[in-house]
Amino acid sequence: MDGIKDKVILVTGAASGIGAEISNYLCREGAIVIASDLKKDDVQKRVDELNKQGGRAYSLSLDVTQENDWKEAMNFVRINFNRLDGLVNNAGIFFKAPIEETSLDAFNRVMKVNVSGVFLGVKYAISFFREQAKDNQKPTGSIVNLASLAGLLAIKDMGAYCASKAAVRNMTKSIAVECGNNGERIRINSINPGTIKTEMTIDGFGAEFFDEYEQDTLPIPFGEYGLPEDISPAVAFLLSEESEIITGAEITIDGGWSAGLTGVSL
Ligand SMILES: NC(=O)c1ccc[n+]([C@@H]2O[C@H](COP(=O)([O-])OP(=O)(O)OC[C@H]3O[C@@H](n4cnc5c(N)ncnc54)[C@H](O)[C@@H]3O)[C@@H](O)[C@H]2O)c1
């Protein structure tokens, strides 16, 4: 993918799962990757591995809920690269409980990480894109937000998480319209993964969830759950020059899960 080579991309939540794999894929495609996470040591280990394999990766401690961390992250980018081409707002937390068992604190925490964290990332990246635009040039840059199938479809006992991911989807579209209407080439799109095998879902559903399912009974046309490797090429495409006219869009990667009523013939 030529359109991603040498681009400076910041990835949040890069210490595990989908964010780690996105960082890995972007490095293989020749991008300069700033892999960030609140788990500082874990993300440093990932970065060491990426660099051993010939990648150009840098680690950064960034809690997406902390505005000051975003300011420091932008300073880090400015000092070390003096350029930012893309941001992947991947950091997120999962939460599952019936509504009456969901405390206000738990609800607010999900919103803070999954929605406010994305909001802050978008705000500071856009500001950076504007600042780096040369005189008479349109600001450019690409942001990819990790929403979810849970932001498209209702899922039992997941009201807080579903609400947070639906918010990410429409915030993405609204800001895409805002930047486009300003005459800027700042693009912002989202990805809706189905169920992907990562630490998040193993912790949330149990390890056996992925090992003990009957393909025939899954409501997924392709009959299987996904892996982080299924997500990263689409993220890279949305960050690259190959998608230069795509904004306010979303790519759902769910094996056909959300496309229809699998197994139902009327
Ligand atoms: N795994 C799935 O099935 C699935 C499906 C749809 C969407 N998603 C979304 O994809 C993203 C990645 O999920 P994953 O499955 O790889 O999860 P994961 O738990 O494996 O990884 C999430 C990473 O985010 C980091 N993180 C959490 N809170 C943070 C914060 N405040 N600041 C910075 N980093 C923080 C964690 O330390 C972790 O490294 C999330 O936004 C998730 O909601 C996942």
Side-chain angles (χ1 to χ4, degrees), residues 10-25 34-47 59-70 72-73 87-96 106 108-122 124 143-153 155 158 160-169 171-172 189-207 209-210 213 218 220 224-232 234-235 238 250-255 257-258:
L10 171 60
V11 182
T12 70
S16 82
I18 295 171
E21 174 48 30
I22 290 170
S23 304
N24 183 21
Y25 188 91
I34 304 151
S36 72
D37 205 287
L38 49 68
K39 292 181 187 157
K40 205 175 156 187
D41 295 343
D42 291 4
V43 81
Q44 182 62 55
K45 275 186 211 143
R46 294 278 181 187
V47 161
S59 76
L60 185 67
S61 171
L62 167 61
D63 178 341
V64 296
T65 66
Q66 300 303 310
E67 186 158 16
N68 210 41
D69 281 15
W70 279 106
E72 285 178 13
L87 166 68
V88 184
N89 277 313
N90 164 79
I93 55 170
F94 181 68
F95 183 77
K96 184 171 187 277
N108 286 343
R109 180 72 196 151
V110 173
M111 288 296 172
K112 192 165 181 186
V113 179
N114 294 1
V115 186
S116 305
V118 172
F119 155 74
L120 286 171
V122 168
Y124 280 92
I143 300 172
V144 179
N145 295 331
L146 269 288
S148 174
L149 176 65
L152 273 173
L153 302 179
I155 306 174
M158 279 172 54
Y161 185 78
C162 289
S164 73
K165 293 300 183 179
V168 170
R169 288 181 57 227
M171 177 165 49
T172 303
N189 296 288
S190 56
I191 298 276
N192 302 318
T195 298
I196 309 296
K197 188 176 181 183
T198 65
E199 272 180 34
M200 176 182 279
T201 42
I202 292 171
D203 286 353
F205 305 140
F209 177 87
F210 290 100
Y213 64 84
L218 276 191
I220 305 176
E224 57 189 38
Y225 297 113
L227 295 171
E229 290 83 343
D230 299 323
I231 308 301
S232 31
V235 174
L238 290 173
E250 52 191 326
I251 300 178
T252 299
I253 305 171
D254 66 352
W257 198 341
S258 58

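Residue numbers run from 1 in the order of the sequence given. No experiment lies behind these values; they were computed from the predicted model shown. First listed ligand is number 1; within each ligand, the first listed atom is number 1.
- With a 4.5 Å cut-off on side-chain heavy atoms, F94 and T201 do not count as touching.
- Taking 4.0 Å as the cut-off, Q66 does not count as a neighbour of ligand 1 on heavy-atom distance.
- Using a 4.0 Å cut-off between heavy atoms, T201 contacts ligand 1 through its side chain alone, with no backbone atom that close.
- The minimum heavy-atom distance between A35 and V43, with the atom names listed, is O-CG2, 3.5 Å.
- Proximity to A91 (heavy-atom distance under 4.0 Å) selects the following atoms of ligand 1: 24 (O), 33 (C), 34 (N), 35 (C), 41 (O).
- For ligand 1, the atoms closer than 4.0 angstrom to any heavy atom of T195 are 3 (O).
- The closest protein non-hydrogen atom to atom 17 (O) of ligand 1 is M200 CB, 3.3 Å.
- Close contacts between ligand 1 and I18 involve ligand atoms 10 (O), 16 (O), 44 (C) [criterion: under 4.0 Å to a heavy atom].
- With 3.5 Å as the limit, one finds no donor-acceptor pair spanning the side chains of N90 and T12.
- With a 4.5 Å cut-off on side-chain heavy atoms, I34 and V11 do not count as touching.
- For the residue pair N114 and S164, a side-chain donor N or O sits within less than 3.5 Å of a side-chain acceptor on the partner.
- The nearest pair of heavy atoms linking P193 to I18 is CG-CD1, 4.5 Å.
- Under 3.5 Å, the side chains of D41 and Q44 contain no donor-acceptor pair of N or O atoms.
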| said: With side chain to side chain donor-acceptor pair (under 3.5 Å) as the criterion, how do T65 and D63 come out once you've worked through the C-alpha distance, each side chain's angles and the decisive distance to 0.1 Å? | reply: CA-CA 5 Å; T65 66; D63 178 341; 2.8 Å; yes
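- Aromatic ring centres of Y225 and F209: separated by under 6.0 Å.
- Polar contact check, K165 against ligand 1: a nitrogen or oxygen pair lies under 3.5 Å apart.
- You'll find the side chain of I253 stays beyond 4.5 Å of the side chain of N192, heavy atoms only.
- Ligand 1 has an N or O atom lying under 3.5 Å from an N or O atom of D37, backbone or side chain.
- The distance from ligand 1 to the heavy atoms of G17 drops below 4.0 Å at these ligand atoms: 16 (O), 20 (O).
- Annotation: atom 32 (N) of ligand 1 to nearest protein heavy atom, V64 N, 3.0 Å.
- For atom 21 (O) of ligand 1, the closest heavy atom belonging to the protein is S16 OG, 3.0 Å.
- When hydrogens are left out, the protein atom nearest atom 7 (C) of ligand 1 is A147 O, 3.2 Å; that is the closest non-hydrogen contact.
- Of the inter-residue distances, the one linking D254 atom CG with D230 atom CG reads 11.0 Å to the nearest 0.5 angstrom.
- Among protein heavy atoms, the minimum distance from atom 14 (P) of ligand 1 is reached at T198 OG1, 3.6 Å.
- In terms of protein heavy atoms, atom 8 (N) of ligand 1 is closest to Y161 OH, 3.7 Å.
- The distance from ligand 1 to the heavy atoms of L62 drops below 4.0 Å at these ligand atoms: 32 (N), 33 (C).
- Every atom of ligand 1 is numbered from 1 in the order shown, and the set under 4.0 Å from a heavy atom of E199 is 20 (O).
- Residue, atom and distance of the protein heavy atom nearest to atom 31 (N) of ligand 1 are D63 OD1, 3.0 Å.
- Not one N or O of L149 is nearer than 3.5 Å to an N or O of ligand 1, by distance alone.
- Side-chain atoms of E224 and Y213 form no donor-acceptor pair, as typed in the model, at a separation below 3.5 Å.
- Residue-ligand proximity, K39 to ligand 1, at heavy-atom distances under 4.0 Å covers atoms 37 (O).
- Counting heavy atoms only, G194 comes closest to atom 5 (C) of ligand 1 of the residues S116, S148, G194.
- Given atom 11 (C) of ligand 1, the protein heavy atom at minimum distance is N90 O, 3.0 Å.
- Checked against a 3.5 angstrom limit, the closest N/O atoms of I196 and ligand 1 fall inside it.
- Nearest approach of V64 to L120, heavy atoms of both residues: O-CD1, 3.5 Å.
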